[in-house]
Amino acid sequence: MDIFEKIKNTEGQLVHYQEFGHGLFCLSKLEGEITAHMKFRGKEVLTWSLNNYLGLANQPEIRKADTEATAQYGLAYPMGARMMSGHTSTHENLKRWAARFVHKEDAYLLNFGYQGMVSIIDALVDRHDVIVYDSESHACIMDGLRLHMERDLSFLIMTLKVVKNSFRELKS
């Protein structure tokens, strides 16, 4: 069988739950401008999955700068993740600008949250540190922690009493 035909004809496992999950186990169709509130299945909902945390994506100044940058650099610049393909003088200029902006000697430029969390954890801790974290933390935090854990304290439901008891056990 042709692989593309197979993909087209195979619904996959999640489609069986679509009816029960109100359409959430398939490609959800969001409607409207990219904002914190969008329409999903005709109902206005809070959108948690967008990279527009500060609501800047629809600001006229941002759209204008985006259009100008696209005209100057095209859509492929700066070549994807710098971890894989390196960086450019534009990245170096941005790092220098960011450092001056916060009155520091240098700055890190991390172009996605996953890399940021793993890098920050890497910079702050080593294998001798004890890390206390919520066991339901985002995958980027968990991966950063796995690089350094010799001993750890994870909690499914973190209460002050549980944390205090765990530290007491750790000290002894």
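Of all heavy-atom pairs spanning Asp106 and Lys95, the tightest one is OD1-CE, 3.7 Å. The heavy-atom pair separating Ile121 from Ile141 by the smallest distance is CD1-O, 3.7 Å. For the pair Val118 and Cys140, the tightest heavy-atom approach, listed with the atom from each and the gap, is CG2-O, 3.6 Å.
The shortest distance between side-chain heavy atoms of Thr90 and Tyr73 falls below 4.5 Å. Put simply, the side chain of Lys39 does not reach to within 4.5 Å of the side chain of Val45, judged on heavy atoms. His37 has its side chain out of reach of Thr47: every pair of non-hydrogen atoms, C-beta onward, lies at least 4.5 Å apart.
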Please evaluate residues Arg63 and Gln59 with respect to the criterion side-chain contact (heavy atoms from CB on, under 4.5 Å), reporting the C-alpha separation (whole Å), side-chain torsions for both, the decisive distance (0.1 Å), and the verdict. CA-CA 6 Å; Arg63 287 188 171 199; Gln59 297 296 317; over 6 Å; no

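A distance of 10.5 Å separates OG1 of Thr70 from CD of Gln72, quoted to the nearest 0.5 Å. In this structure, the separation between OH on Tyr114 and CE on Met117 is 11.0 Å, given to the nearest 0.5 Å. Atom CG of Leu56 sits about 12.0 Å away from atom CG of Asp66, to the nearest 0.5 Å. Note: Ser89 OG to Arg96 CZ = 8.5 Å, rounded to the nearest 0.5 Å.
No side-chain donor-acceptor contact under 3.5 Å links Asn58 to the backbone of Glu33.
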